[in-house]
Amino acid sequence: MTSLRWLLILALPIGLAAPVFSAPVFANTLASESVPLIPREVLFGNREVVGVSLSPNGERISYLAPYRGVLNLWVKELKEGSIARRLTNSTDRPAKPAGWSRDGRYLITSRDGDGDENTVLIRIDPSSGETKELTPGQGVSAYLAGVDREVPDELVIGVNDRDPRYHDLWVLNLESGERRLLHEVNDGHSVSADWIDDAWRLVIRKRMQADGGSAYDLRLPGQDGWKPFLKFSFEDGQTGSGPAGFDANGDWLYGLLNIDEDGLPRLVRWQTEELNSCEQDCPYEVVHQSASGTLGVELSDPKTEAPQVLIETDLRSRKVILDQKVANDLTALKKLAGDREFHIVGSDLESRIWLVMLYSDTHSPQYWTWNRNQQKARKLFSTQPLLDKYKLAPMESLELQARDGLRLPAYLTRSSLNKSGPQPLVLLVHGGPQARDSWGLDPQHQLLANRGYHVLSVNYRGSTGFGKRHLLAGEGQWYAAMQDDLIDAVQWAIDEGIADPDKVVIMGGSYGGYAALAGLTRDPEVFAAAVDIVGISNLQTFLASIPPYWEPELKPFERMIGVGQIDLDAISPLTYADRIERPLLISHGANDVRVKLSESEAIVSAMQSNDLPVDFIVFPDEGHGNSNPKNNLALYAVIEQFLAQHIGGRSEPIGDAIENSSMQRRSSSVEDKANDK
């Protein structure tokens with residue numbers, strides 16, 4: 001019996017992820033001689049390499065690298081002197097990273113239609129470059145649900161081509177492309193499958209409860225029906241509690257429990273033999289109790305699938321070694337990393353070769369291989385070598401406090417210009433909201449700091465990664481205490497003499513865009529300007545237009561917002577559009593399925609009806625955040641000029657950034673449109 005390979009034990013609620021921007025940011029053309037202006041292209045243009053994946057035999061890697069200015073998929077032998085071969089020919093939108101089939105015969109990647117999130121799974125032969133689409137090409141979302149080393153020519157996939165609300169499970173033959181139905185979903189319950197006794201079998205079923213909680217059922221080998229196993233309240237279910245999967249022999253079922261008052265997760269396991277005889281409340285063994293709010297599996301044994309190395313993350317991360325066979329390797333890697341951190345991001349099937357990433361807050365990530373037999377490291381790539389030519393600003397970890405005493409973990413990057421006294425501040429708000437900010441190299445922080453701004457990111461209540469209490473404190477607090485936390489962080493920066501109170505901008509994507517609109521409508525006196533990227537303006541219309549496949553897991557998300565308990569109009573920035581009195585820039589992708597373009601169009605229309613100026617730009621070939629680097633360069637060229645105009649700072653000229661993109665300027669508060677398309 002085998003399960004999906006362990007990657008992370010993190011079951012985050014459905015939500016509004018922050019857009020993924022590979023783009024640039026901000027400033028006035030007074031380049032300081034002592035602090036060179038970092039070009040947008042260096043920070044947010046194409047990486048030299050990204051998305052590296054190690055083959056199952058440890059002899060090849062796949063990765064994305066530019067070809068004629070667009071990221072394409074490449075494959076390369078790891079032996080000395082080998083030459084990389086390009087497998088795709090994308091000329092507009094970048095290709096997506098690929099993973100290997102368990103025998104290394106194929107690469108599996110995906111695409112969507114200009115950001116519409118209708119994902120198509122694609123098979124690529126790394127030897128010939130032959131490409132085959134494995135799932136329907138339009139109006140259908142597919143995902144990879146299961147792989148196993150015992151059947152490397154088969155995948156379990158989820159496809160919603162029968163009913164857009166539900167992803168039925170299919171077994172797909174990689175060679176022929178044919179698929180056979182494994183499970184038809186008609187009740188919205190999420191079902192996972194493992195390879196057991198030479199067949200794919202359903203083993204775990206998750207059922208959402210009316211109150212937003214969750215229940216899990218098991219179907220063990222030899223059993224025909226489902227047996228109740230675990231049941232969690234809304235509170236415990238929100239923090240990721242639940243079974244994760246069996247080890248390779250089927251002796252143990254691993255899972256995550258976060259059911260104690262301390263609000264910290266525990267990695268646990270149940271013995272399969274005992275599960276056959278017990279009814280719910282089955283005894284379990286605690287493998288590790290985390291001291292931080294996030295617990296994940298960084299490395300598992302590729303043969304047994306038992307976890308070997310865990311990672312706990314609070315403001316920073318630490319590793320927990322469960323299997324002493326890898327202790328010496330981790331000691332050597334720590335020495336290699338020096339003042340950087342490292343993550344093990346891949347392994348061959350024999351755990352002889354590891355793929356390792358070194359990272360920090362002031363250097364671009366590096367990819368290395370680690371040969372465990374030889375105890376030898378080999379550098380493969382720096383992802384942004386041009387960036388390493390510049391001196392970057394360190395990211396400080398902070399312990400702030402909300403007005404009610406709640407801890408607010410935060411990160412501050414100070415302006416690189418080293419001016420004395422309070423400086424302009426950009427409050428950068430993460431999306432989700434069930435997500436988090438983390439320590440490391442952040443291109444937005446670096447560009448803003450380089451242009452002369454301090455940058456503050458706050459893990460407001462409702463953010464994940466800091467324990468149950470912190471997460472659940474955000475229930476029903478949109479436009480309320482969640483926004484208070486942001487205001488409290490700004491006030492701290494003002495009181496500490498860090499921020500100029502007259503030059504504070506709030507900026508964010510997705511939920512962060514909502515927070516930016518809330519900032520201008522709820523606390524108009526605090527912010528000098530705001531930047532909203534794919535943000536929500538009206539909770540009623542947003543919830544009415546969500547993708548149908550969110551429906552099975554929508555209840556917890558609605559409860560966190562406060563649906564049924566709170567007047568949604570009262571927490572919608574659109575309701576208060578007439579209060580906006582400071583400059584506002586809005587950007588949106590026309591194909592966004594998470595937050596429809598109409599959300600931005602509505603707030604822009606309301607402002608124009610009230611004769612309020614607004615800058616509104618749209619990208620017709622993008623979705624929930626830009627994927628095309630050319631569009632990102634245009635987006636951040638506009639943001640850069642916007643910030644420079646309203647709170648000062650340096651800026652790089654727009655140049656041809658807008659001309660080379662698809663950007664449409666729908667509304668402008670600036671009379672001089674010389675740079676417009």
Side-chain angles (χ1 to χ4, degrees), residues 5-8 22 46-66 71 73-85 97-100 104 107 126 296-302 307-311 313 316-321 323 325-390 392 438-443:
R5 194 174 181 186
W6 286 76
L7 293 177
L8 265 185
S22 52
N46 283 322
R47 307 295 191 261
E48 182 174 285
V49 64
V50 70
V52 182
S53 180
L54 181 69
S55 68
N57 63 7
E59 296 178 358
R60 293 188 288 183
I61 55 172
S62 68
Y63 57 91
L64 297 178
L71 289 176
L73 186 64
W74 300 71
V75 66
K76 188 177 187 296
E77 302 287 334
L78 286 177
K79 62 184 179 183
E80 295 291 344
S82 63
I83 299 175
R85 291 181 293 107
W100 296 85
L107 285 162
V297 175
E298 180 166 334
L299 180 71
S300 58
D301 188 308
Q308 296 177 296
V309 180
L310 307 181
I311 183 166
T313 306
R316 297 284 292 268
S317 297
R318 79 177 189 96
K319 300 185 192 305
V320 178
I321 300 175
D323 186 346
K325 293 196 300 290
V326 301
N328 290 338
D329 300 286
L330 266 69
T331 298
L333 289 174
K334 185 176 181 179
K335 182 178 180 180
L336 172 71
D339 59 357
R340 303 189 187 202
E341 305 282 339
F342 72 92
H343 280 321
I344 304 166
V345 296
S347 167
D348 70 351
L349 288 180
E350 303 302 321
S351 196
R352 297 170 303 179
I353 306 295
W354 290 350
L355 181 65
V356 180
M357 183 177 69
L358 307 187
Y359 68 98
S360 78
D361 56 338
T362 56
H363 297 86
S364 69
Q366 297 177 354
Y367 283 98
W368 293 66
T369 57
W370 174 250
N371 187 310
R372 296 186 64 209
N373 292 337
Q374 300 176 4
Q375 292 287 289
K376 183 178 179 180
R378 174 188 171 192
K379 184 179 177 181
L380 300 177
F381 309 102
S382 287
T383 61
Q384 296 168 276
L386 292 179
L387 184 58
D388 289 328
K389 298 179 182 295
Y390 295 87
L392 302 182
S438 298
W439 180 87
L441 179 65
D442 187 312

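Computed over heavy atoms, backbone and side chain alike; hydrogens, waters and symmetry mates excluded.
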Check your understanding: What closest approach, in Å, do Pro365 and Leu441 show between heavy atoms, and which atom pair accounts for it?
Key ->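 Heavy-atom minimum between the residues: CD-CD2, 4.1 Å.
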
Review point. Of all heavy-atom pairs between Ala337 and Phe342, which one has the smallest distance, and what is that distance?
Key: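 The pair with the smallest heavy-atom distance is CB-CD2, 4.2 Å.
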
Keeping the roles fixed (side chain from [X], backbone from [Y]), state whether a donor-acceptor pair exists under 3.5 Å.
{"X": "Arg372", "Y": "Ser351", "value": "yes"}
{"X": "Asp388", "Y": "Ser364", "value": "yes"}
{"X": "Trp74", "Y": "Ala84", "value": "no"}
{"X": "Arg60", "Y": "Gly104", "value": "yes"}
{"X": "Ser382", "Y": "Pro385", "value": "no"}
{"X": "Gln308", "Y": "Leu299", "value": "no"}

Just wondering, do [Y] and [X] contact through their side chains at under 4.5 Å, heavy atoms?
{"X": "Thr369", "Y": "Trp354", "result": "no"}
{"X": "Asp348", "Y": "Pro56", "result": "no"}
{"X": "Leu78", "Y": "Leu380", "result": "yes"}
{"X": "Ser360", "Y": "Asp339", "result": "no"}
{"X": "His343", "Y": "Glu298", "result": "yes"}
{"X": "Asn46", "Y": "Leu71", "result": "yes"}
{"X": "Val320", "Y": "Ile311", "result": "no"}
{"X": "Leu310", "Y": "Pro307", "result": "yes"}

Exercise for review: Evaluate the criterion side chain to side chain donor-acceptor pair (under 3.5 Å) for residue pair Trp370 and Asp329; output intermediate values, then yes/no.
Suggested key: CA-CA 9 Å; Trp370 174 250; Asp329 300 286; 3.0 Å; yes

Distance from [X] atom [atom1] to [Y] atom [atom2], nearest 0.5 Å?
{"X": "Lys319", "Y": "Leu333", "atom1": "NZ", "atom2": "CG", "result": "8.5 Å"}
{"X": "Glu77", "Y": "Ile83", "atom1": "CD", "atom2": "CD1", "result": "11.5 Å"}
{"X": "Glu48", "Y": "Leu386", "atom1": "CD", "atom2": "CG", "result": "7.5 Å"}
{"X": "Lys76", "Y": "Ser62", "atom1": "NZ", "atom2": "OG", "result": "13.0 Å"}
{"X": "Tyr367", "Y": "Ser53", "atom1": "OH", "atom2": "OG", "result": "9.5 Å"}

Practice item. Determine, stepwise, if the pair Leu358 / Trp368 fulfils side chain to side chain contact (heavy atoms under 4.5 Å, CB included). Key: CA-CA 8 Å; Leu358 307 187; Trp368 293 66; 3.4 Å; yes

Practice item. State whether Arg378 and Glu80 are salt-bridged, where the test is any N-O pair (Lys NZ or Arg NE/NH1/NH2 against Asp/Glu carboxylate O) under 4.0 Å. Key: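 A salt bridge is present here (some side-chain N lies under 4.0 Å from a carboxylate O).
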
Review point. Hey, do the aromatic rings of Tyr63 and Phe381 have their centres closer than 6.0 Å?
Key: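 Tyr63 vs Phe381: aromatic centres under 6.0 Å.
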
